[in-house]
A.B. asks: 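The structure under discussion is supplied below as structure tokens; questions concerning it will follow.
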Amino acid sequence: MGGSKSKAIKKHAKVAFSDSELDILEVYFELLKCHDSLNGYLTQKSMVPEFPENPDFSIKLYNWMRERCKNQQIDYTNFVITLELLLKEQQEYYLSDYKFRVLEKFELFALISLGCLENEKEAINRFQVSYSQGSTVIKELLNVYYFNKEVTNSQRNDLAARSVANSIFDQKASLPFNQFIGLAKQQLIYANKMCKQYFTKKFIDPHLKYGIPALTSSSFILNDQILALLQMSSPDFNRIKQLDLKFSSSVGYDDLEHITEIIIESQQPLLFIFRNREDETQNDTFQQQVFGAYISIDQTIETHFVRKQQKDPMGILYNPNDLVSLYFGDEKSFLFSLLPKYQLFMSTFDIKSKQCFGYINSRAFNLKVPQPYGLGFGGDGKGNFRIWIDENLKGNATNRINNSCDQTYEMGYILEPHIEFLNLTSIEIWGAIFEEKETRPSNPTKFRS
């Protein structure tokens with residue numbers, strides 16, 4: 001097993017790669033040389049054709065790999081040595097520079113993206129990351145979802161990357177490298193996993209599958225980078241194969257009626273996205289404020305009174321005289337802000353936590369309960385909601401965000417601290433379809449007033 005170059009490596013040292021992996025790497029190295037080489041060594045141009053989604057990153061990767069080589073040249077042996085850092089786990093390293101053994105895959109990805117060629121851990125930690133550099137790291141990280149596809153001009157939307165950078169830097173001009181990494185990993189909990197998959201798919205296993213959810217229809221709000229952010233941040237969202245558009249509106253007077261029907265009938269998690277315009281004199285492009293909620297729905301556990309009625313109209317599995325609950329969802333739900341800052345607010349699990357994930361009440365329910373009519377998310381279970389959308393959506397001054405009452409989700413400002421009342425301009429609702437099993441069809445019995 002293994003080509004002549006691979007045999008030469010294994011003859012002189014123990015390597016972390018299997019024989020079949022070395023075969024693949026040797027073929028890949030020859031492919032890179034076909035793109036461009038100099039005296040048998042790789043050049044900056046060698047990798048560019050293999051990184052259409054991240055051409056600038058490929059050049060920085062070459063420079064980083066070259067810096068790791070003792071003779072400053074990337075031959076096959078040095079190619080294997082440096083890839084060991086990117087493809088294998090720390091306990092598997094045999095050939096790589098010990099100085100980089102403690103770095104995780106996202107740290108290595110970030111160093112490459114930043115063009116940081118420092119060799120000492122202390123110098124790396126002191127390396128200052130500017131806001132623009134940090135935005136570039138996030139943008140190139142999100143681009144990995146375009147694997148082997150050229151990013152067209154329409155897709156070169158830096159808003160998603162800048163929204164993460166806005167949250168990380170919080171108006172600071174720069175941060176030390178280790179602080180930047182720590183804050184980025186708080187936002188993007190799957191960054192390490194994604195970087196490992198990216199390098200593995202690029203160099204060893206082109207059949208490795210990963211990707212963002214497919215949209216069944218075009219969106220005025222969602223794009224691939226925003227989907228990549230959500231995918232890299234939430235365990236539940238990470239499993240979604242497809243998002244099915246259920247509702248899209250520029251906000252009308254009867255929208256809550258349609259939203260109510262969607263919620264009552266849905267047998268799948270729902271993604272709610274809202275666009276807000278703080279100032280009527282500005283257009284949506286100038287002032288981007290986008291936030292929302294992902295409400296996970298467990299079909300085996302129903303809490304909403306009307307949803308239970310839909311499933312059991314005879315009242316066999318529940319008592320019609322039970323206390324009426326108008327909340328729905330489970331602990332996998334979360335709130336989020338997309339613009340101007342990217343933040344996730346997961347559900348809490350302490351002893352004071354409430355189960356107010358999502359709330360819906362309509363006059364059409366005809367329930368004799370003293371509870372408000374509208375759509376809500378989070379809160380304290382006493383009529384105070386983190387996000388409240390009144391039944392009269394359009395131009396209603398009671399649509400608001402309350403940042404001080406939530407006992408369901410993590411606290412923090414969803415929009416800027418001074419924003420309390422909402423002026424919604426767009427609403428989208430998407431149904432989540434998971435890959436491992438088909439979603440049950442909706443209840444054929446339509447909800448009616």
Side-chain angles (χ1 to χ4, degrees), residues 51-61 104-116 127-147 149-177 179-195 197-199 210-213 215 219-234 237-238 273 275 284-292 336-344 414-416:
F51 286 77
E53 73 286 346
N54 262 330
D56 292 341
F57 182 85
S58 71
I59 294 174
K60 291 181 285 189
L61 174 60
E104 296 179 326
K105 298 297 179 274
F106 175 55
E107 292 178 281
L108 292 170
F109 182 97
L111 284 175
I112 295 168
S113 179
L114 291 166
C116 176
F127 182 85
Q128 289 292 310
V129 181
S130 70
Y131 174 89
S132 61
Q133 288 177 316
S135 297
T136 298
V137 172
I138 302 302
K139 182 180 72 173
E140 292 183 337
L141 179 63
L142 299 179
N143 281 350
V144 305
Y145 284 97
Y146 293 108
F147 189 85
K149 298 177 184 177
E150 185 176 353
V151 182
T152 63
N153 288 332
S154 62
Q155 293 168 322
R156 290 188 184 278
N157 186 340
D158 295 343
L159 282 177
R162 289 206 304 268
S163 71
V164 178
N166 289 342
S167 180
I168 292 173
F169 285 87
D170 195 23
Q171 300 185 338
K172 298 181 180 70
S174 65
L175 291 171
F177 176 79
Q179 188 176 350
F180 167 77
I181 290 295
L183 292 171
K185 285 164 59 178
Q186 288 179 18
Q187 298 288 342
L188 308 172
I189 61 175
Y190 288 107
N192 274 323
K193 177 183 176 182
M194 196 65 247
C195 291
Q197 289 181 327
Y198 181 55
F199 291 132
Y210 65 77
I212 56 177
L215 301 181
S219 170
F220 293 107
I221 301 175
L222 292 177
N223 60 26
D224 288 348
Q225 287 195 327
I226 288 176
L227 291 172
L229 283 182
L230 293 170
Q231 184 111 348
M232 214 176 291
S233 305
S234 162
F237 205 92
N238 199 254
I273 303 178
R275 177 183 282 159
D284 285 339
T285 303
F286 184 82
Q287 277 195 328
Q288 292 274 7
Q289 295 177 352
V290 178
F291 65 99
F336 57 87
S337 169
L338 294 177
L339 298 171
K341 287 184 179 181
Y342 179 69
Q343 298 177 96
L344 258 67
I414 296 176
L415 298 179
E416 293 299 317

A.B. asks: What pair of heavy atoms forms the shortest contact from Asn192 to Lys185, and how long is it?
C.D. replies: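 In terms of heavy atoms, the two residues are closest at ND2-CE, 3.9 Å.
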A.B. asks: Which heavy-atom pair separates Val137 from Phe109 by the least distance, and what is that distance?
C.D. replies: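 Shortest heavy-atom separation between Val137 and Phe109 comes out as O-CE2, 3.9 Å.
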A.B. asks: Is the backbone of Gln197 close enough, under 3.5 Å, to the side chain of Tyr210 for a donor and an acceptor to pair up by distance?
C.D. replies: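 Flag not set: sc Tyr210 to bb Gln197 has no pair under 3.5 Å.
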A.B. asks: Taking the side chain as every heavy atom from C-beta outward, state whether Ile168 and Tyr131 have any pair of such atoms under 4.5 Å apart.
C.D. replies: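 Answer no - side chains too far apart.
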A.B. asks: How far does CD of Gln128 sit from CG of Leu114, to the nearest 0.5 angstrom?
C.D. replies: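 The CD atom of Gln128 sits 11.5 Å away from the CG atom of Leu114.
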A.B. asks: Given side chain to side chain contact (heavy atoms under 4.5 Å, CB included), test Leu141 with Cys195 step by step and report yes or no.
C.D. replies: CA-CA 8 Å; Leu141 179 63; Cys195 291; 3.6 Å; yes
A.B. asks: Would you call Phe169 and Leu183 a side-chain contact if the rule is heavy atoms closer than 4.5 Å?
C.D. replies: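 When only atoms from C-beta onward are counted, Leu183 and Phe169 do not touch, as no gap falls below 4.5 Å.
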A.B. asks: Nearest 0.5 Å please: distance from the CG atom of Asp56 over to the OG1 atom of Thr136.
C.D. replies: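 If I round to the nearest 0.5 Å, the distance is 8.5 Å.
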A.B. asks: Determine whether a donor-acceptor pair (N or O, by modelled atom type, separation under 3.5 Å) exists between the side chain of Ser337 and the backbone of Phe291.
C.D. replies: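 Side chain of Ser337 to backbone of Phe291, a donor-acceptor pair under 3.5 Å: no, none is there.
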A.B. asks: Indicate yes or no: at least one non-hydrogen side-chain atom of Phe177 is less than 4.5 angstrom from one of Leu111.
C.D. replies: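 SC-SC contact between Phe177 and Leu111 confirmed.
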A.B. asks: Working to the nearest 0.5 Å, report the span between CG of Leu338 and CD1 of Ile414.
C.D. replies: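 Reported value, rounded in 0.5 Å steps: 11.5 Å.
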A.B. asks: Taking Lys60 for the side chain and Ser113 for the main chain, is one N or O donor matched with an acceptor at less than 3.5 Å?
C.D. replies: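 Confirmed, Lys60 side chain pairs with Ser113 backbone.
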A.B. asks: Can you name the closest pair of heavy atoms from Ala165 and Ser135 and give their distance?
C.D. replies: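 Taking every non-hydrogen atom into account, CB-OG, 3.3 Å.
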A.B. asks: Which pair of heavy atoms, one from Ser233 and one from Leu188, lies closest together, and at what distance?
C.D. replies: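 The answer is OG-CD2, 3.7 Å.
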A.B. asks: Within the 4.5 Å heavy-atom criterion, are Phe237 and Leu229 side-chain neighbours or not?
C.D. replies: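 No, too far: nothing below the 4.5 Å cut-off.
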A.B. asks: Between Leu61 and Asn54, is any pair of side-chain heavy atoms under 4.5 Å apart?
C.D. replies: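 No, too far: nothing below the 4.5 Å cut-off.
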A.B. asks: Any donor and acceptor pair, going by atom type alone, linking the side chain of Ser167 with main-chain N or O of Tyr342 inside 3.5 Å?
C.D. replies: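 Flag set: sc Ser167 to bb Tyr342 pair under 3.5 Å.
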A.B. asks: Rounded to the nearest 0.5 Å, how far does CD1 of Ile212 lie from CG of Leu230?
C.D. replies: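 Taking CG in Leu230 and CD1 in Ile212, the distance rounds to 10.5 Å.
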A.B. asks: Give the minimum heavy-atom separation between Ile221 and Ile226, together with the two atoms involved.
C.D. replies: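 That would be O-CD1, 3.5 Å.
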A.B. asks: Could you check whether any side-chain N or O of Glu53 sits under 3.5 Å from a backbone N or O of Tyr145, counting only pairs where one atom can act as donor and the other as acceptor?
C.D. replies: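 No.
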A.B. asks: Do the side chains of Phe180 and Gln133 get nearer than 4.5 Å, heavy atoms only?
C.D. replies: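 No, their side chains stay 4.5 Å or more apart.
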A.B. asks: Check the angle between the aromatic planes of Phe51 and Phe57 and answer parallel, tilted or perpendicular using the 30° and 60° thresholds.
C.D. replies: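 Rings of Phe51 and Phe57: tilted, as their planes differ by 30° to 60°.
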A.B. asks: Considering non-hydrogen atoms only, spot the tightest contact between Ser219 and Leu222 and give its length.
C.D. replies: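 Nearest heavy atoms, Ser219 then Leu222: OG-N, 2.7 Å.
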A.B. asks: Could you tell me whether a side-chain N or O of Glu107 sits under 3.5 Å from a main-chain N or O of Glu104, the two making a donor and an acceptor?
C.D. replies: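 Yes, because the side chain of Glu107 sits within donor-acceptor range (under 3.5 Å) of the backbone of Glu104.
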A.B. asks: Side chains of Gln225 and Tyr146, heavy atoms from C-beta outward: is any pair under 4.5 Å?
C.D. replies: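 When only atoms from C-beta onward are counted, Tyr146 and Gln225 do touch, with a gap below 4.5 Å.
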A.B. asks: Indicate yes or no: at least one non-hydrogen side-chain atom of Met232 is less than 4.5 angstrom from one of Leu142.
C.D. replies: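 Yes, side chains in contact.
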